[in-house]
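Some notes on the structure that comes next.
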Amino acid sequence: MPAMPGRAWLAQIRTRLARLDLAAALIRFADTGEIVFDRLWRGLSGLRHLPALLRWPGVRLTSALLWRGLAAATGIGLAAALVTALSSESEATIATLSVSPEPEAKPVRDVRQTPRPKPAGREGWVAITKPIPMFGLESPELDRGSATLEARRSPDGSQREDILGYGGFADAKPHLVLKLVVDHQPDELSRPFVVALVREAAARALSVQRSGLPAAIATRFGPVETADTTLSDGQTSRACIAFRMEAGALPMALSGWWCGGAAKPADRQQLVCLIDRIDLLNAGDDRALRTAFARTELNRQPACAPPRLSATGRKVSWLDADGQAPALRTKTATVAPARAHPKR
């Protein structure tokens, strides 16, 4: 940016002052002024009243002393003016450098033409009319006759959500709601546990009356958050265990609640076994999900092994692992009497 004329003039003055001996110049200027003033004083000495005035006691000043005082006052005034000019220029330069350019004004959005963008969520997902089961769960605590399946997918088909339900909330039997979401790009930010529980319960016409602090349990899929909670549908209240696991190394998130029956309340060991018994029935072309599920097989707890057919009340046969092999049947060979051949 080119310099302003005033700045160029001050820069020249600074350069000349740096080369100039100010003290010697003031002495020479004072001596020259003294000579000039002395000559003027002598020319005015013929005046009648001036000598009498100078002979007064308070005005007995010599011409040299008067001139030197006048020169000193002039030099001090010039120096003060120069310092003031230089300081004002420095302040102006500092102020110019310190002022930052104003940010460009952002265009104002017209709410009548451009609606506010909605946050990313699952409101626009499409329900699957006749879904093919993607996950399965077999456990003696669950009533298979009351099992339900709800499924929906994202508009681009990259994500899917399955909700498995067992038992009615108002029934005295055990009740389980298990939501499984296949998510290969999990969100970095997640809702707090209680907030997510309230939203999921409200989606199924339930309310959260009480909820404890979350505590983690170990499952084949990793740590799962759990909390004792009381759910209500307006008429019936049940003590349940809410749980949640977000997607991470495993591209699957799960959440829901487990409510025990009237004879046996829900406990966390039952919940651990229910989660460990989740099986992948149909992964389609999702090799990452299939591989991740296969790795978790090694983390199954022995106490949560899948129930055998003999545990369902069927008669044990030798095909079951706990069945006994049948006794071998042996047949004794007998020699038949030889027939007499008729004589010909």
Side-chain angles (χ1 to χ4, degrees), residues 121-123 125 127 131 133 135-152 161-181 183 189-247 252-279 301 303-304 307 311-312:
R122 298 189 176 94
E123 288 77 7
W125 284 30
F135 301 95
L137 177 58
E138 296 289 342
S139 179
E141 293 86 0
L142 302 177
D143 183 10
R144 297 183 58 185
S146 62
T148 60
L149 172 61
E150 302 174 15
R152 57 177 184 167
E161 175 185 275
D162 288 29
I163 301 178
L164 303 179
Y166 296 89
F169 182 82
D171 299 339
K173 299 179 180 180
H175 172 63
L176 173 67
V177 172
L178 175 61
K179 183 172 73 172
L180 301 136
V181 181
D183 191 357
L189 299 178
S190 61
R191 299 186 182 93
F193 183 88
V194 177
V195 175
L197 174 61
V198 170
R199 290 175 61 93
E200 292 188 12
R204 307 194 72 82
L206 299 176
S207 62
V208 180
Q209 294 182 338
R210 185 187 63 84
S211 179
L213 296 177
I217 59 174
T219 66
R220 60 178 285 199
F221 303 114
V224 176
E225 293 180 285
T226 62
D228 295 330
T229 183
T230 302
L231 301 177
S232 174
D233 62 354
Q235 297 179 355
T236 305
S237 297
R238 299 190 65 169
C240 307
I241 300 177
F243 56 91
R244 180 182 71 168
M245 185 195 74
E246 298 180 345
M252 182 193 72
L254 60 88
S255 60
W257 51 82
W258 161 243
C259 309
K264 185 177 182 181
D267 58 55
R268 281 173 169 74
Q269 183 57 40
Q270 289 178 346
L271 180 60
V272 169
C273 291
L274 289 174
I275 295 176
D276 277 14
R277 290 169 182 168
I278 298 174
D279 291 324
Q301 298 188 14
C304 300
T312 60

**Prompt:** Any idea which heavy atoms bring Ile217 and Val272 closest together, and the distance?
**Reply:** CD1-CG2, 3.7 Å
**Item:** Euclidean distance, Leu176 CG relative to Ser146 OG, rounded to 0.5 Å
**Value:** 10.0 Å
**Request:** Verify, without hydrogens or angle tests, whether Arg238 (side chain) and Asp171 (backbone) share a donor-acceptor contact under 3.5 angstrom.
**Result:** yes
**Item:** All ring pair (Phe, Tyr, Trp, His ring centres under 6.0 Å) counterparts of Phe169, not counting sequence neighbours
**Value:** His175
**Sequence-distant partners of Asp162, salt bridge (Lys or Arg N to Asp or Glu O under 4.0 Å), two or more places apart** = Arg160
**Item:** Closest non-hydrogen atom pair, Met252 against Leu180
**Value:** SD-CD2, 3.7 Å
**Prompt:** Quick one: CD1 on Ile278 to CD on Glu138, what's the gap to the nearest 0.5 Å?
**Reply:** 12.5 Å
**Item:** Straight-line distance of Cys259 SG to Lys173 NZ, nearest 0.5 Å
**Value:** 15.5 Å
**Asked** Say you draw a straight line from OG1 of Thr229 to CH2 of Trp257; how long is it, rounded to the nearest 0.5 Å?
**Response** 9.5 Å
**Prompt:** Checking Glu150 side chain against Gly165 main chain: does a donor-acceptor pair fall under 3.5 Å?
**Reply:** no
**Request:** Take Leu164 and Leu149 through the side-chain contact (heavy atoms from CB on, under 4.5 Å) test and state the conclusion after the steps.
**Result:** CA-CA 5 Å; Leu164 303 179; Leu149 172 61; 3.4 Å; yes
**Request:** Show your reasoning for whether salt bridge (Lys or Arg N to Asp or Glu O under 4.0 Å) applies to Arg244 and Glu246.
**Result:** CA-CA 7 Å; Arg244 180 182 71 168; Glu246 298 180 345; 3.8 Å; yes
**Message:** If you apply the rule side-chain contact (heavy atoms from CB on, under 4.5 Å), what do you find for Leu213 with Phe193, and how did you get there?
**Reply:** CA-CA 9 Å; Leu213 296 177; Phe193 183 88; over 6 Å; no
**Asked** If every non-hydrogen atom of Gln301 is compared with every non-hydrogen atom of Ala218, which pair is closest and at what distance?
**Response** NE2-O, 3.3 Å
**Complete:** Heavy-atom closest pair (Arg152 atom, Ala127 atom, distance to 0.1 Å) is CB-CA, 3.7 Å
**Request:** Can you see which heavy atom on Arg191 is nearest to which on Val195, and at what distance?
**Result:** CD-CG1, 4.1 Å
**Asked** Quick one: CD on Glu200 to CG on Leu206, what's the gap to the nearest 0.5 Å?
**Response** 11.0 Å
**Asked** Taking atom OG1 of Thr219 and atom CG of Leu254, what is their separation to the nearest 0.5 Å?
**Response** 7.0 Å
**Message:** Whether the Trp258 and Gln270 side chains hold a donor-acceptor pair (N or O, under 3.5 Å, no angle test) is what I'd like checked.
**Reply:** yes
**Side-chain heavy-atom pair Ser255, Glu225 within 4.5 angstrom cut-off** = no
**Prompt:** Of the non-hydrogen atoms in Asp233 and Ala170, which two are nearest, and what is the gap between them?
**Reply:** OD2-CB, 4.4 Å
**Asked** Do any N or O atoms from the side chain of Asp279 and from the backbone of Gly136 form a donor-acceptor pair under 3.5 angstrom?
**Response** no
**Asked** Going by the ring-ring contact (aromatic ring centres under 6.0 Å, His included) test, which pairs reach into residues 206-228, not counting sequence neighbours?
**Response** Phe221-Phe293
**Request:** Spell out, as yes or no, whether a donor-acceptor pair under 3.5 Å connects the side chain of Arg144 to the backbone of Tyr166.
**Result:** no
**Non-hydrogen side-chain atoms of Ile163 and Arg204 separated by less than 4.5 Å** = yes
